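Just below is one structure, and these are the notes that go with it.
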Amino acid sequence: QVQLVESGGGLVQPGGSLRLSCAASGSIFATMGWYRQAPGKQRDMVTTITRAGYTNYADSVKGRFTISRDNAKNTVYLQMNSLKPEDTAVYYCKAVTSLRDYWGQGTQVTVSS
């Protein structure tokens with residue numbers, strides 16, 4: 001049974017930092033990543049990383065967010081720096097196998113003074 005457990009969300013002031021973690025279990029995942037959904041908006045890709053370490057970022061987070069992955073622990077991390085109010089959203093972890101995609105339950109990130 002596949003499980004994705006996210007942690008690390010919270011409230012932070014503009015310009016601050018947060019680190020999200022997603023611990024996956026139950027399979028081997030080709031690609032893992034983070035998506036986010038703000039109220040009233042669609043869920044968008046933030047960043048993804050393959051098992052080999054190839055990364056992809058949305059233009060809005062390039063230079064501020066960094067994704068990393070520990071394959072031994074089946075865990076993906078998202079280091080978010082220089083946070084802006086527009087980064088406020090529920091952040092979801094996604095893990096991809098050859099058969100299907102899996103999603104975490106989401107963690108709230110709020111950037112506000």
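Model, not experiment: these values are computed from the prediction.
Contact annotation: the side chain of Ile49 approaches that of Val76 to within less than 4.5 Å [non-hydrogen atoms, C-beta and beyond]. Counting only heavy atoms from C-beta outward, the side chains of Met32 and Arg51 never approach each other to under 4.5 Å. Annotation: side chain of Thr107 is in contact with side chain of Leu20 (closest heavy-atom distance under 4.5 Å). Counting only heavy atoms from C-beta outward, the side chains of Thr48 and Trp34 never approach each other to under 4.5 Å. In this structure, the side chains of Leu78 and Thr47 come closer than 4.5 Å at one or more pairs of heavy atoms.
Between the side chains of Thr88 and Glu86, no donor N or O sits under 3.5 Å from an acceptor N or O.
What you find for Cys22 and Leu4 is that their closest heavy atoms are SG-CB, 4.1 Å. Residues Ala38 and Ala89 approach most closely at N-CB, 3.8 Å, considering heavy atoms.
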**Asked** Given the rule in the side chain to side chain contact (heavy atoms under 4.5 Å, CB included) test, do Tyr102 and Val96 qualify, once you have shown the distances and angles that lead to the verdict?
**Response** CA-CA 6 Å; Tyr102 296 87; Val96 178; over 6 Å; no

**Request:** Determine, step by step, whether Val109 and Leu18 satisfy the side chain to side chain contact (heavy atoms under 4.5 Å, CB included) criterion, reporting the C-alpha distance in whole Å, the side-chain angles of both residues, the deciding distance to 0.1 Å, and the verdict.
**Result:** CA-CA 9 Å; Val109 172; Leu18 279 176; 3.8 Å; yes

**Item:** Lys84 vs Arg64, side chain to side chain contact (heavy atoms under 4.5 Å, CB included): CA-CA, chis, key distance, verdict
**Value:** CA-CA 10 Å; Lys84 305 175 181 180; Arg64 300 188 299 121; 3.8 Å; yes

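Residue Asp101 holds its CG atom at 7.5 Å from OG1 of Thr97, rounded to the nearest 0.5 Å. Rounding to the nearest 0.5 angstrom, the gap separating the CD atom in Gln37 from the OH atom in Tyr92 is 5.5 Å. Taking CZ of Arg19 as the reference point, atom CE of Met80 lies at 11.5 Å (rounded to 0.5 Å). Rounded to the nearest 0.5 Å, atoms CD (Gln3) and OG (Ser25) are 5.0 Å apart.
Tyr91 and Phe65 have tilted rings, their planes meeting at an angle from 30° to 60° on a 0 to 90° scale.
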Exercise answer: donor-acceptor pairs, residues 54-61 side-chain atoms, under 3.5 Å, sequence neighbours excluded:
residue : atom : partner : partner atom : Å
Tyr57   : OH   : Ile67   : N            : 2.9
Asp59   : OD1  : Lys62   : NZ           : 3.1
Ser60   : OG   : Arg36   : NH2          : 3.4

Compile the donor-acceptor pairs under 3.5 Å between side chains in residues 5-17 and protein atoms, sequence neighbours left out, one pair per line.
residue : atom : partner : partner atom : Å
Glu6    : OE1  : Gln105  : N            : 3.3
Glu6    : OE1  : Gly106  : N            : 2.4
Glu6    : OE2  : Cys93   : N            : 2.5
Ser17   : OG   : Asn81   : OD1          : 2.9

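With hydrophobic clusters built from ILVMFWY side chains whose heavy atoms lie under 4.5 angstrom apart, Val90 shares a cluster with Tyr35.
Using a distance-only test at 3.5 Å, with no hydrogens or angles considered, no donor-acceptor pair links the side chain of Ser112 to the main chain of Thr110. Asn74 contributes a side-chain N or O that, together with a main-chain N or O of Ser27, makes up a donor-acceptor pair within less than 3.5 Å.
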